[in-house]
Every structure is written in structure tokens, then in C-alpha cells.
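Working notes for the structure below.
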Amino acid sequence: MEFRLLGPFEARQDGRRVELGSRRQERSILAVLLLDMGHLVTIDRLIDLLWNGRPPSSARGAVHTYIGRLRTALAPYGAQIRTGGDGYLLEREHHVDVDEFSRLAHRASATADPARRVELLDRALALWRGPLLADTADGELRDRLQGPIEELRLASLELRAEAQLALDRHGPVINELTPLVARHPTREELVGTLMTALYRGGRQAEALELYRATRRELVEELGVEPGMRLREVHRRILHDDHRLERPGRPVYEVRVQEEALPWSVGGHPALEFCNTFAGWGHEPPLPGSEWLRAYRTLAVWTGHMGLADDAAVSRLIELARRDPDTAAAELDAGRALRARLYACLTDPDDVAAFDAVARHAEAAAKTLVFRRGADGRGRWWPDLTSGLRLPVHAVAWSAAELLADPRRATIRVCPDERCGWLFLDESGMRRWCSLATCGRTAGESPCHSRS
């Protein structure tokens with residue numbers, strides 16, 4: 001059978017519409033089983049969903065009655081609701097538009113060619129005929145069922161817009177994202193993409209005004225500043241950065257001195273050090289993948305994150321050119337520190353990893369000097385007398401500051417198994433590090449805080 005849930009509920013057999021469930025509750029139960037097809041759904045969960053946590057004393061008997069009626073209605077079409085334990089399941093042998101949407105969206109995210117990506121996402125988004133179970137679920141039930149599906153829909157819209165930008169179609173992106181951003185004013189991926197499209201369309205002032213409005217909304221409503229990716233887009237627009245004009249260049253690619261650096265999602269240098277460079281048009285690499293391609297990359301990243309000044313970065317690059325063997329050894333030390341730091345941040349019980357990072361931090365502390373920065377504030381800097389070890393010292397000191405910071409308890413790990421990026425979530429509202437590249441599996445649960 002074919003079931004359509006993305007809009008009004010529909011059931012079809014051989015292309016012909018079939019009427020199932022004379023009551024809204026019956027169709028709702030069938031929809032819940034279809035959304036979790038092939039898995040057992042307990043009676044307690046069905047009761048909780050149908051009555052929004054306020055069931056009558058007769059709820060269990062009512063569910064049994066609804067299941068009996070559904071079995072009778074489905075029997076002529078060979079569809080069976082099976083009993084298992086204290087619940088029911090529908091075998092995974094039917095076509096459901098939610099599954100088709102998810103399959104197409106995931107294929108698109110793994111596709112390198114932006115034109116093909118747009119084609120797949122057009123097909124996926126065309127399956128939406130309205131809100132989930134538009135004529136069946138009430139507002140509360142829909143909110144409880146549609147979370148992961150709606151996230152994937154918004155992620156698909158973001159990914160489609162970015163692919164259109166890669167094809168130099170900024171006009172359609174502006175038309176499509178403007179009303180969407182109005183409905184989701186704090187969704188930074190959408191805002192950043194729309195800002196880029198406005199800039200490419202010669203509407204720089206509007207792009208900057210959109211940033212100001214978004215920042216105001218984030219600060220007033222959530223008490224947080226824009227993330228690093230959105231700030232990076234804003235900075236590039238302010239400086240009329242030519243990279244925003246270049247079709248095919250990812251908006252979130254960070255290039256400094258011709259080095260491709262990790263896309264900033266973590267909100268802290270120690271987290272960014274552990275995170276990977278996403279790239280564009282290929283699967284995101286696993287945590288610890290090699291963005292540290294050369295010592296020069298490490299030195300440039302240290303300056304980009306504000307852990308060393310420009311003069312120190314230039315000096316490090318020159319020292320590495322003169323002494324490549326020592327530079328290679330320090331790069332290996334940086335990679336080892338990254339592995340221990342990632343382990344320490346993702347597993348608070350890993351005492352060995354914490355101690356290893358602590359030893360690095362103690363060594364770094366012996367080389368620090370207190371100097372006035374360009375903003376007039378004093379801060380500790382790793383001194384150039386440490387030579388090519390300076391970036392490792394800088395990261396270790398930054399890691400020590402994070403481990404002593406109360407925000408340490410708000411570190412999350414992106415649940416996408418192909419990602420695993422670390423990010424701060426002081427608002428308690430973020431689910432994924434980036435919905436443009438992650439959040440692929442609609443049924444996955446949110447990532448958990450690490451403390």
C-alpha cells in the first residue's frame with residue numbers, strides 16, 4: 001500500500017484511494033505506526049500521543065478497539081498490524097511519503113553536483129502537500145510527531161538554497177528564503193544563505209540590515225549572540241569579500257592565507273581545534289579527520305582563532321620553512337593533543353585524557369606572557385621563545401580555560417555518526433552542529449549535553 005502523511009492523510013492501493021479509519025483517532029494511530037514502521041510502538045505511547053498526556057480511564061480499551069477496526073479495514077489490502085509485547089507494529093513493506101522524502105533528502109546531501117542536488121531536493125520537497133497529517137492530527141499531536149521531519153524539511157530547504165547559490169541562482173534564493181526567514185528569524189543557516197544571496201544580487205545594505213535584525217532577535221529572545229558562521233558571512237559582506245561572489249565556493253568554507261580551515265561551529269577555539277573541515281560536495285569526515293594537513297595550516301589557524309597575532313604567525317611560517325623536520329614533529333604533537341582533547345571533552349570520565357591535556361596546559365603556562373591586545377584588554381599569550389611549539393601551547397592553554405569554564409557543561413556532540421562536531425549550547429535549544437550538512441536521519445534523537 002501507499003500512504004501519504006505529508007499533508008492530508010491518504011491511503012492508496014494500486015493507485016486508487018482507499019478510505020481507512022472513520023475516526024480521527026484511528027487514522028492518528030495508523031499514522032504513528034507508519035512513522036515508526038517496522039518498530040514496536042507501545043500502547044502507553046499511543047495513549048500519550050492520542051490524548052496529549054491527559055488520557056481518560058478508558059484509554060487502553062479505546063486503543064484496542066481502534067486497532068481492531070484498523071485491522072478489519074486493512075485486511076482486504078494485505079496490510080497487517082501485528083501485536084508484540086505491550087504494543088503494535090506495522091511491517092516495513094509499504095510505501096510512505098515520509099520515508100521517500102527522507103531518502104531523497106539524504107541522497108541529495110551526499111551528492112556532489114549542485115544541479116543534481118537541486119533536482120533531488122525538488123523531488124523531495126514536492127512530496128509536501130501541507131502540514132504533517134493536516135486533516136488528522138491536532139496542533140499538539142502534530143508538534144510532537146513532526147519535530148525531526150520538520151527539521152529535515154528545513155535542512156533540505158537550506159541545502160537547496162546553497163546548491164542554487166553554487167549555480168549562481170541568487171534571484172530565486174532571495175524569493176524563496178525571504179518568507180521562510182520571516183517565519184524562522186533565528187535560524188542562522190537560512191539567514192546566512194539569504195544574506196549571501198542578497199549580497200550577490202547587489203543588495204548589500206539589505207544583507208547587513210538582515211544581520212542586525214537577526215542579531216537583535218537572537219539577543220532579545222534567546223540571550224545569545226550570532227554563531228561564528230553567521231558572523232563570518234557578516235564580516236565578509238562588510239569587507240566586500242570577493243569570495244562571496246564566487247559560485248561554487250561554499251558559504252561556510254573558511255580560507256585564510258590560502259589555507260582551508262575548519263568551519264567554525266563550536267564557539268570556542270578548543271572545540272574548533274577538535275572539529276573538522278566540512279568541505280562541499282562530499283561526505284563530512286569523521287572527527288579527527290585531517291584538516292591539519294601541514295604545519296602552516298596549524299599556524300594560520302592559530303592566528304585565525306586569535307590565539308596568536310599576525311606577527312607570530314608569519315614568524316612561525318618562516319621557522320617551519322627553515323626547519324621542516326621540527327615543524328613536522330610539532331604538527332604530530334598537535335594531532336596527538338587534538339585526539340586527547342576530543343576524548344576528554346566527549347567523555348568526562350576519561351581521566352587519562354584529562355591528565356594528558358593538563359600536562360600540555362602546564363607546559364604552556366610556563367611560556368605565557370601578559371600583554372595588551374589591540375582592543376586594549378590584557379591577556380595571556382604564548383611567547384615566541386617557545387618557537388614552533390607555540391601553536392600547541394596556545395591550544396593547550398585555550399583547552400585549559402574551557403575545562404575550567406562553567407560552559408564546559410553545555411558542550412554537545414552532533415549526533416550524526418559521520419560528523420561528531422563539538423559545540424557549545426548555552427541556550428539548550430540546538431540539536432545539530434549544522435543542519436546544512438547534518439541531521440540526516442529523521443528519527444535520530446537530539447544530541448546530549450556533556451558534563
Quiz item: Would you say I411 and H268 make side-chain contact, with heavy atoms under 4.5 Å?
Solution: no
Self-check item: Close side-chain approach of R203 to I174, heavy-atom, < 4.5 Å
Solution: yes
Exercise. Go through the structure and list residues passing side chain to side chain contact (heavy atoms under 4.5 Å, CB included) with R12, not counting sequence neighbours.
Key: E2, R4, E10, R17
Self-check item: Atom pair CG (D97) and CH2 (W128), whose distance is rounded to the nearest 0.5 Å
Solution: 8.5 Å
Practice problem: For the residue pair E100 and H95, establish whether any side-chain heavy-atom pair is separated by less than 4.5 Å. | Solution: yes
Quiz prompt | R123 side, atom CZ; L104 side, atom CG - distance, nearest 0.5 Å | solution = 5.0 Å
Quiz prompt | Check: D350 side chain, C344 main-chain N or O, donor-acceptor pair, under 3.5 Å | solution = no
Self-check item: R338 side-chain N/O to F273 backbone N/O, donor-acceptor pair under 3.5 Å
Solution: no
Quiz item: For H64, does the NE2 atom have more than 12 heavy-atom neighbours from other residues, nucleotides or ligands under 6.0 Å away?
Solution: yes
Quiz prompt | Exam field: side chain Q204 to backbone I237, donor-acceptor pair closer than 3.5 Å | solution = yes
Quiz prompt | Pairwise side-chain contact, Y199 with D240, heavy-atom cut-off 4.5 Å (strictly under) | solution = yes
Exercise. Could you tell me whether the side chain of N275 and the main chain of L422 form a donor-acceptor pair under 3.5 Å?
Key: yes
Practice problem: Look at the side chain of R117 and the backbone N and O of A108, then say whether any donor-acceptor pair between them is shorter than 3.5 Å. | Solution: yes
Quiz item: In Å, rounded to the nearest 0.5 Å, how long is the span from CD of Q164 to NE2 of H170?
Solution: 11.5 Å
Quiz item: Does a side-chain heavy-atom distance below 4.5 Å link L133 with S28?
Solution: no
Self-check item: Donor on one side chain, acceptor on other, R23 and Q25, under 3.5 Å
Solution: no
Quiz item: Considering residues at least two apart in sequence or located in another chain, which fulfil the side chain to side chain contact (heavy atoms under 4.5 Å, CB included) criterion with E140?
Solution: N52, R54, D138
Quiz item: Which residues pass the side chain to side chain contact (heavy atoms under 4.5 Å, CB included) test with R231, sequence neighbours left out?
Solution: Y211, P226, M228
Quiz prompt | Residue pair L89 / V41, side-chain heavy-atom distance below 4.5 Å | solution = no
Quiz item: According to the interplanar angle, ranging from 0 to 90°, do the rings of W51 and Y66 count as parallel (below 30°), tilted (30 to 60°) or perpendicular (above 60°)?
Solution: parallel
Quiz item: Quick one: does R335's side chain have a donor or acceptor within less than 3.5 Å of a partner on L292's backbone?
Solution: yes
Quiz item: Between atom CG of D36 and atom CZ of R45, what is the distance when rounded to the nearest 0.5 Å?
Solution: 7.0 Å
Practice problem: Please check if the side chain of E188 supplies one atom and the backbone of G227 the other of a donor-acceptor pair under 3.5 Å. | Solution: yes
Quiz item: Is there a donor-acceptor contact under 3.5 Å from the side chain of R187 to the main chain of L154?
Solution: no
Quiz item: Considering all heavy atoms of both residues, which atom of M1 and which atom of A79 are nearest to each other, and what is their separation?
Solution: SD-CB, 4.0 Å
Quiz item: Taking only residues two or more places apart in sequence or in another chain, which ones pass salt bridge (charged side-chain N to carboxylate O under 4.0 Å, His left out) with D86?
Solution: R60
Practice problem: Drop me the distance from I29's CD1 to R24's CZ, to the nearest 0.5 angstrom. | Solution: 10.5 Å
Indicate every side-chain donor-acceptor pair of residues 394-403 with a distance under 3.5 Å to a residue at least two apart or in another chain.
{"unit_1": "W397", "atom_1": "NE1", "unit_2": "E401", "atom_2": "OE2", "d": "3.4"}

Quiz prompt | Nearest-0.5 Å distance, CG of residue L40 to CG of residue L90 | solution = 12.0 Å
Quiz item: Which residues pass the side chain to side chain donor-acceptor pair (under 3.5 Å) test with E225, sequence neighbours left out?
Solution: R215
Quiz item: Would you say the side-chain atoms of S102 pair up with the backbone N or O of V98, donor to acceptor, closer than 3.5 Å?
Solution: no
Exercise. For H304 and V300, indicate whether the former's side chain and the latter's backbone hold a donor-acceptor pair under 3.5 Å.
Key: no
